[in-house]
There are 2 protein chains.
Amino acid sequence: MFFPVQAGRASEDVALQIEAAIMDGRLSPGERLPSEREMQSQFGTGRGVIRETIKILKQKGLLEVKKGAKGGAYIRRLDVNNISESLALFLKQHPVEPEKLIEFRETLDRTMTQLAIAHADQTEKESLLKEAIRLEEMLRENEPDFIASSELDRQLNIMLARMARNPLFEWVMHAIQMGFNSHDYALYEDTAYRERAAANWKNTAQAIAQGELMRALGFIGYHYVLLRQCIAEKASLTNETDADFLQKDEQ
Amino acid sequence: MFFPVQAGRASEDVALQIEAAIMDGRLSPGERLPSEREMQSQFGTGRGVIRETIKILKQKGLLEVKKGAKGGAYIRRLDVNNISESLALFLKQHPVEPEKLIEFRETLDRTMTQLAIAHADQTEKESLLKEAIRLEEMLRENEPDFIASSELDRQLNIMLARMARNPLFEWVMHAIQMGFNSHDYALYEDTAYRERAAANWKNTAQAIAQGELMRALGFIGYHYVLLRQCIAEKASLTNETDADFLQKDEQ
DNA sequence: TCTTGCATTTGGTCCTACCATTGTAGGCAT
DNA sequence: ATGCCTACAATGGTAGGACCAAATGCAAGA
């Protein structure tokens with residue numbers, strides 16, 4: 001039941017030591033690690049081990065590496081993107097039925113709306129409304145930019161999440177949006193959908209600004225009704241894609 | 001406005017190529033990559049670059065490396081733990097007020113309860129109830145095992161998530177529980193809390209098994225009332241810890 | 001004072017040799 | 001023929017050295 005103390009994991013070992021030092025606060029964001037050649041002698045290993053260590057920690061998002069004099073490995077503050085990337089990678093291997101995603105997002109949206117009305121200040125609420133109006137206008141143009149508008153849609157979601165004054169909602173929304181970026185562009189190509197969705201965003205923002213919770217929730221509900229309709233239409237049009245998706249989902 | 005085509009990122013480059021091959025399905029879980037020395041010549045680089053590449057992909061959870069003959073880098077199917085680990089790491093650097101965590105979990109719990117009643121089969125519902133009863137019994141012992149019981153509490157949560165038939169809830173719950181493991185043990189040390197919490201779990205499971213949504217939601221609500229009380233008590237007892245926490249949260 | 005250019009620091013790459021682990025094939029003994 | 005053991009080969013793990021490339025700073029020169 002004993003296991004070898006070090007079964008070829010020198011780089012993992014060093015990585016753990018450095019990670020621990022960062023988490024303990026012995027190393028703070030912005031600080032620099034010694035140069036590779038220095039650590040090489042400090043840890044008593046070859047330089048290769050140190051380099052592999054650095055790659056690991058860099059991949060974890062804990063380090064940022066710069067070349068040249070005054071270069072080296074700098075401690076980096078983690079940000080949400082690391083989680084988002086992990087999630088996105090995971091989702092590529094584990095496709096989720098659109099309905100499941102909608103179910104999840106609707107839950108979050110309803111709560112965030114509630115929290116936003118309670119906690120956000122008036123400035124933010126009006127800013128949300130302003131952006132929603134901007135989205136509506138953007139789509140009224142002759143040749144709407146789908147990428148820009150679905151980007152703005154994302155922005156609105158993030159704003160709402162931030163207004164909820166609960167970072168967890170913000171982080172999860174962020175990660176979810178990054179993970180599912182591919183599907184969303186397509187929706188904004190549907191003329192009928194995008195205009196009603198934008199109008200609905202405006203209504204939602206208005207209700208939030210006026211503090212009318214139930215009305216806001218009603219609009220949120222309508223938003224997801226629209227989404228479900230739009231997806232159902234797309235699915236019935238292209239059976240092939242649907243079959244593909246189901247197949248992928250099976251494995 | 002031009003940027004150098006390869007600013008010292010050979011290993012990242014190779015990693016991207018392999019990652020793409022995995023995502024395209026050109027490489028499937030279980031398959032083996034060529035040996036380091038072979039790839040070295042295939043990619044036209046030194047062996048160090050290949051090794052760094054492998055470390056990166058291993059850290060991402062895409063590879064598993066074995067030594068010896070028939071060893072090498074094997075493609076691995078991603079699992080939720082990678083996300084959980086990213087989140088846990090992130091949360092260590094970004095502490096969250098307990099109230100915010102409760103707010104978030106309560107939202108998920110309420111929806112999951114609703115979905116579980118609608119989608120789970122009777123077998124599962126009874127199994128949930130059985131485990132809840134087991135938790136209650138476990139705490140009635142003379143010397144309850146805090147770690148085991150808070151582990152069982154986690155299990156109950158995961159079961160509920162699975163019963164919702166929506167993998168997103170399952171994954172997020174999993175990640176959240178991994179990320180916040182440290183706080184939760186402590187709660188189960190409070191005698192008054194843990195017994196009422198367990199009894200409440202039983203009631204909740206019972207209501208779910210009987211398909212009584214509103215009653216179940218009522219119990220869920222009570223669960224979080226208990227949690228909030230428990231945390232408030234702890235906070236008022238140890239002002240020092242609380243001050244520490246706020247300080248950490250500021251930075 | 002500004003520019004140029006050299007020197008230094010530091011990561012990026014290649015190479016080569018050797019060690020450690022593991023699976024297997026072949027030989028040896030029963 | 002069977003079963004055990006050993007030697008070998010494949011493969012990742014480590015060490016150390018040499019050189020390249022980029023970034024910075026300083027010094028010399030215009």
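We name chains A, B, ... by the order of the sequence lines, and we start the count at 1 in each one.
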Requested in this report: Please report, rounded to the nearest Å, how far the P atom of D:dT14 is from the CZ atom of A:Phe43.
Outcome: 14 Å
Query raised in the report: What residues form a salt bridge (Lys or Arg N to Asp or Glu O under 4.0 Å) with A:Glu170, not counting sequence neighbours?
Result: A:Arg162
Query raised in the report: Starting at CD of A:Glu52 and ending at C1' of C:dC14, how long is that distance when rounded to a whole Å?
Result: 15 Å
Query raised in the report: To the nearest angstrom, how far is A:Asp13 atom CG from D:dG13 atom C1'?
Result: 13 Å
Query raised in the report: With A:Arg32, which residues qualify under salt bridge (Lys or Arg N to Asp or Glu O under 4.0 Å), at least two apart?
Result: none
Query raised in the report: Is a donor on one side and an acceptor on the other found under 3.5 Å between the side chain of A:Thr53 and the backbone of A:Ser11?
Result: yes
Query - Spacing between A:Ile50 atom CD1 and C:dG11 atom C1', to the nearest angstrom - result: 13 Å
Query - side-chain contact (heavy atoms from CB on, under 4.5 Å) against B:Glu38, all qualifying residues, sequence neighbours excluded - result: B:Pro34, B:Ser35, B:Gln42
**Report entry** Nucleotide D:dT14, atom C1' - distance to CZ of A:Arg9 in whole Å
**Finding:** 15 Å
Query raised in the report: Is B:Arg47 near enough to C:dC15 that one of its side-chain N or O atoms lies under 4.0 angstrom from OP1 or OP2?
Result: no
Query raised in the report: In chain order, what residues pass the side-chain contact (heavy atoms from CB on, under 4.5 Å) check against B:Ala20, with sequence neighbours excluded?
Result: B:Arg26
Query - Contacts of A:Glu131 that satisfy side-chain contact (heavy atoms from CB on, under 4.5 Å) - sequence neighbours left out - result: A:Arg134, A:Leu152, A:Leu156, A:Met159
Requested in this report: Considering just the side-chain nitrogens and oxygens of A:Arg51, establish if one lies under 4.0 Å of OP1 or OP2 belonging to C:dG11.
Outcome: no
Query raised in the report: Where the side chain of B:Thr45 is concerned, which of D:dA15, C:dC14, D:dG13 is the nearest nucleotide?
Result: C:dC14
Nucleotide N/O of nucleotides 3-10 of chain C paired with protein N/O under 3.5 Å:
unit_1: C:dT9; atom_1: O2; unit_2: A:Ala69; atom_2: N; d: 2.9
unit_1: C:dT10; atom_1: O4'; unit_2: A:Gly68; atom_2: O; d: 3.2

